Every structure is written in structure tokens, then in C-alpha cells.
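What follows is a set of notes on a single structure, which appears directly below.
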There are 2 protein chains.
Amino acid sequence: MDLTTRDSVTELYDAYARRDFDRVADIIDEDVDWIIYGPVQVFPFAGQRRGRKAVLEALAGIAKDYVLERYETRIVVVEEDRAAVMSDVAFQQRSTGRTVSTQLANFLRFRNGKLVEFREFANSFDLVEQALGRWIEVG
Amino acid sequence: MDLTTRDSVTELYDAYARRDFDRVADIIDEDVDWIIYGPVQVFPFAGQRRGRKAVLEALAGIAKDYVLERYETRIVVVEEDRAAVMSDVAFQQRSTGRTVSTQLANFLRFRNGKLVEFREFANSFDLVEQALGRWIEVG
């Protein structure tokens with residue numbers, strides 16, 4: 001059981017890192033429950049998505065705005081059908097050429113080798129500042 | 001090994017939820033490596049801390065500004081010396097009486113039953129908006 005989940009995690013992140021979206025699609029359940037936590041007015045691919053098609057559209061949205069520069073999983077915790085992954089990532093913003101980098105925290109659940117639940121966290125305040133290329137006034 | 005880590009996780013979150021900071025201190029390693037990802041200009045208890053004393057000061061900083069209303073662990077993934085915990089939490093801001101609520105993602109590592117590594121993620125952009133009580137302009 002652990003092995004199967006770990007294999008699915010490895011496959012999913014490897015496929016995403018090499019931009020093999022057909023393979024990514026293979027591993028995503030048709031009815032996946034998916035949330036990337038972040039402001040949609042800055043990151044239109046963030047928010048809740050239901051189902052493989054909607055998730056692939058969100059991933060295409062990321063690829064439309066950003067070129068993947070680095071996606072390195074640093075911590076992988078697996079237990080039964082669940083996994084948690086912390087990664088160090090960098091993307092180049094296509095519109096400006098600037099690189100944005102962050103740590104990502106993912107919680108995943110698999111059923112029959114397919115991703116059925118996904119939650120992504122980042123320090124979204126910091127990411128928004130990087131994406132805008134300016135500090136946000138909070139005073 | 002798994003049991004020991006799970007026991008430590010349960011103890012830590014139970015102690016924190018019941019505001020038993022002496023017990024929390026017991027479970028934190030003297031040399032813990034600790035990061036809460038978020039903007040320090042809004043959340044002065046965020047950022048990197050090294051060592052139990054500095055971490056307890058950060059926790060006291062949270063308690064100084066916020067009253068804990070809810071801390072419910074929803075997902076706990078344990079493997080060997082590591083754990084990942086996703087929680088649903090709410091705090092009342094002492095200065096305004098407003099409640100802020102969020103999902104938290106924690107990555108933890110234990111050694112000899114003590115927390116030696118801690119990383120906390122939240123949708124910090126959303127949390128800043130809740131703490132300020134206004135939308136942030138990003139246009």
C-alpha cells in the first residue's frame with residue numbers, strides 16, 4: 001500500500017517536472033478534488049477545481065504564464081493512501097522574464113493509483129509580491 | 001518508529017490546542033529549526049526561529065495578538081521520523097475582535113520524541129487580508 005502511493009507520487013512529480021502532461025493526466029482521477037490556495041486575481045489558475053479536465057486547464061494556465069525552471073521535491077511523507085510533499089520550485093514569468101521561487105506544500109490522496117485529492121499551499125503573500133515585482137503596502 | 005512519531009504529533013497538537021505551553025515546550029527540541037512562512041510586518045511571530053526559547057517567544061507572540069478559537073487537525077500523514085499535518089484553525093484578533101480562519105499545512109520532523117524541524121504554510125495573502133480587515137489592491 002505504501003509502495004503504491006509512493007510510486008504514484010514519484011510518477012506524478014517526475015511527469016510534471018519533465019512537462020509530460022499526458023502522463024500527469026493518466027495519474028489524475030477523473031473526479032479529483034483539487035485546491036491551490038492563493039488569490040485568483042493574481043494567479044488565475046489558483047482556487048478550487050473539480051475533475052481531471054478542470055485541473056488540466058489550471059495546469060495549462062500555469063504553463064501559459066510561467067516557464068518551469070526548477071521543481072525539486074525535498075520532503076515526501078507517505079502513509080497508506082496519503083502523501084505530503086514539500087518542494088523547492090522556481091518559475092520564470094513569461095511576461096517579464098523574472099524568476100519567482102518558493103516552497104510548496106502539497107497534500108495528496110490516491111485511490112487505485114490515481115490522485116483523488118490535492119491541496120497546495122505556498123507563502124502566497126510573498127508569491128504575489130514576486131509576481132507583481134513590488135512590495136505590497138500593509139501599513 | 002511510526003508509533004513514536006504519531007504519539008509525539010498527537011501530544012504536541014493536543015497540548016497546543018489546550019494552551020498547555022509547558023507541555024508544548026517539553027516536546028520541542030532545544031535546537032529546533034523552525035519557520036512559519038508569512039510576512040513579518042503583519043505577523044511578527046512569522047519567519048525563521050532557531051531553538052526552543054525563540055520558538056516559545058514566537059508562540060507567545062501569537063497568543064499576545066490572537067485568542068485560539070479552533071484548532072482541528074484534519075489530515076495527519078506519518079512516516080518514520082516525519083509527519084505532515086493539515087489543520088483547520090480560527091483565531092480571534094484581540095485588537096478588533098474579528099475572527100480569522102485558515103487551513104494550515106505543517107511539516108514536522110522528530111528525534112527522540114522531540115520536534116527538531118517545523119515548517120508552517122498558510123494562504124498568507126488571504127490571512128493578511130483577514131488580519132487587516134480589507135482587500136489588498138493588486139491591480
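None of these values were measured; they are calculated from a predicted model. Letters A, B, ... are given to chains in the order of the sequence lines, protein chains preceding strands, and every chain is numbered from 1.
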TODO: Mind checking side-chain hydrogen bond (donor to acceptor under 3.5 Å, both in side chains) for A/Asp29 and listing every partner two or more places apart, or none if nothing turns up?
DONE: none

TODO: Would you kindly confirm whether B/Val42 and A/Val42 end up in one hydrophobic cluster when ILVMFWY residues are joined by side chain heavy atoms under 4.5 Å apart?
DONE: yes

Open item on the list: With chain A as the partner, which of B/Leu127, B/Asp126, B/Thr102, B/Val85 has the greatest number of non-hydrogen pairs under 4.5 Å?
Closed with: B/Val85

Open item on the list: If I take atom CZ from residue B/Arg119 and atom CD1 from residue A/Ile75, how far apart are they, to the nearest 0.5 angstrom?
Closed with: 7.0 Å

Open item on the list: Using every non-hydrogen atom in the two residues, find where A/Phe125 and B/Val128 come nearest and quote the distance to one decimal.
Closed with: CD1-CG2, 3.7 Å

Open item on the list: Are A/Tyr66 and A/Phe121 connected into the same hydrophobic cluster when the rule is that any two of I, L, V, M, F, W, Y join if their side-chain heavy atoms are below 4.5 Å apart?
Closed with: no

- [ ] Against chain B, label A/Val138 side chain, backbone, both or neither, depending on which of its atoms sit under 4.5 Å from a heavy atom there.
- [x] both

- [ ] Only counting residues at least two apart or in another chain, list the ones meeting salt bridge (charged side-chain N to carboxylate O under 4.0 Å, His left out) with B/Arg74.
- [x] B/Glu72, B/Asp88

Task: Heavy-atom contact with chain A under 4.5 Å, split by part of B/Val77 - done: both

Open item on the list: Hydrophobic clusters here meaning ILVMFWY residues chained together by side-chain heavy-atom distances under 4.5 Å, can you tell me if B/Val116 and B/Val78 are in one?
Closed with: no

- [ ] Determine the minimum heavy-atom distance between B/Phe107 and A/Asn106, stating which atoms define it.
- [x] CZ-O, 4.3 Å

Open item on the list: For a quick test of reading the model, state the closest non-hydrogen atom pair linking A/Ser124 to B/Asn123 and the distance between them.
Closed with: OG-OD1, 2.5 Å

Open item on the list: Out of B/Pro39, B/Ala83, B/Ala46, B/Ala131, return the one with the most heavy atom pairs under 4.5 angstrom to chain A.
Closed with: B/Pro39

TODO: Find the distance between OH (B/Tyr37) and CD (A/Gln103) and round it off to the nearest 0.5 Å.
DONE: 4.5 Å

Task: In one Ile/Leu/Val/Met/Phe/Trp/Tyr side-chain cluster, 4.5 Å: B/Tyr16, B/Val89 - done: yes

Open item on the list: Starting from A/Phe21, can I reach A/Leu108 by hopping between I/L/V/M/F/W/Y residues whose side chains sit under 4.5 Å apart?
Closed with: yes

Task: Smallest separation among heavy atoms of B/Val76 and A/Glu79, with atom names - done: O-OE1, 3.5 Å

- [ ] Among the options A/Glu120, A/Met86, A/Arg134, pick out the one with the most heavy-atom pairs lying under 4.5 Å from chain B.
- [x] A/Met86

TODO: Side chain from CB out, backbone as N, CA, C, O: work out which of these in B/Ala105 comes under 4.5 Å of a heavy atom of chain A, or both, or neither.
DONE: both

